[in-house]
Amino acid sequence: MNWINKEIDLGVVKAGEKKLSIFQSARPLSDWIKTVTVGCNCVNTKITPKGLQTTYFVKKFPVHLSLKGVEEMEIYKVITITYKDGVKEFLILKGILVK
């Protein structure tokens with residue numbers, strides 16, 4: 001087990017608000033990690049001695065949803081950790097994005 005927590009619930013996030021979190025590693029991993037990838041540019045990551053720091057940020061609520069009267073949406077972001085031996089692990093950020 002490389003991570004103490006593999007999923008973080010960000011709770012309610014208002015568009016324009018930055019939400020910081022950290023996936024705590026169970027052991028020093030920085031020398032083992034080859035790449036960290038996220039499927040969108042709304043999540044930035046940084047490897048730290050304690051784990052993986054994330055910042056979730058969406059400047060504006062999606063216009064196409066606003067036009068349909070939607071005022072909140074579930075967010076579910078998968079972060080893929082690839083280790084130098086080729087093994088992959090997945091960490092998850094989830095929450096609710098509101099206008």
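Please read these numbers as outputs of a predicted model, since none were measured by experiment.
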Discussion item. Please say yes or no: joined through hydrophobic side-chain contacts below 4.5 Å, possibly via intermediate residues, are I4 and L29 part of one cluster?
Written reply: no

Item to complete: Hey, could you give me each pair passing side-chain hydrogen bond (donor to acceptor under 3.5 Å, both in side chains) that has a residue in residues 42-64? Not counting sequence neighbours.
Response: S21-T54

Fill in: Shared hydrophobic cluster, V13 / F57 (ILVMFWY, side-chain heavy atoms < 4.5 Å)
no

Worksheet item: Would V38 end up clustered with L20 when hydrophobic side chains under 4.5 Å apart are linked, directly or stepwise?
Response: no

List, one per line, each side-chain donor-acceptor pair under 3.5 Å for residues 67-80, sequence neighbours excluded.
none

Worksheet item: Considering all heavy atoms of both residues, which atom of E17 and which atom of V12 are nearest to each other, and what is their separation?
Response: OE1-O, 4.3 Å

Worksheet item: Restricting to pairs with a member in residues 66-99, which pass disulfide bond (SG atoms under 2.5 Å apart), not counting sequence neighbours?
Response: none

Identify every side-chain donor-acceptor pair in residues 89-99 under 3.5 Å, counting partners at least two apart or on other chains, and give the distances.
from, atom 1, to, atom 2, distance (Å)
E89, OE1, N2, ND2, 2.9
E89, OE1, W3, NE1, 3.3
E89, OE1, Y83, OH, 2.5
E89, OE2, K6, NZ, 3.1
K94, NZ, E7, OE2, 3.0

Fill in: Enclosure of D85 CG (heavy-atom neighbours >12, cutoff 6.0 Å)
yes

Fill in: Residue pairs passing the disulfide bond (SG atoms under 2.5 Å apart) test where at least one lies in residues 60-99, sequence neighbours excluded
none

Discussion item. If hydrophobic clusters are built by linking Ile, Leu, Val, Met, Phe, Trp and Tyr wherever their side-chain heavy atoms come under 4.5 Å apart, do L52 and V87 end up in the same one?
Written reply: yes

Worksheet item: Is there a chain of hydrophobic side chains (I, L, V, M, F, W, Y, each step under 4.5 Å between heavy atoms) that links L10 to I22?
Response: no

Discussion item. Considering only residues two or more places apart or on different chains, which pairs with a residue in residues 22-99 satisfy disulfide bond (SG atoms under 2.5 Å apart)?
Written reply: C40-C42

Item to complete: Tell me, please, which residues at least two apart from S25 pass side-chain hydrogen bond (donor to acceptor under 3.5 Å, both in side chains).
Response: none

Worksheet item: Which pairs, with at least one residue in residues 66-99 and sequence neighbours excluded, count as a disulfide bond (SG atoms under 2.5 Å apart)?
Response: none

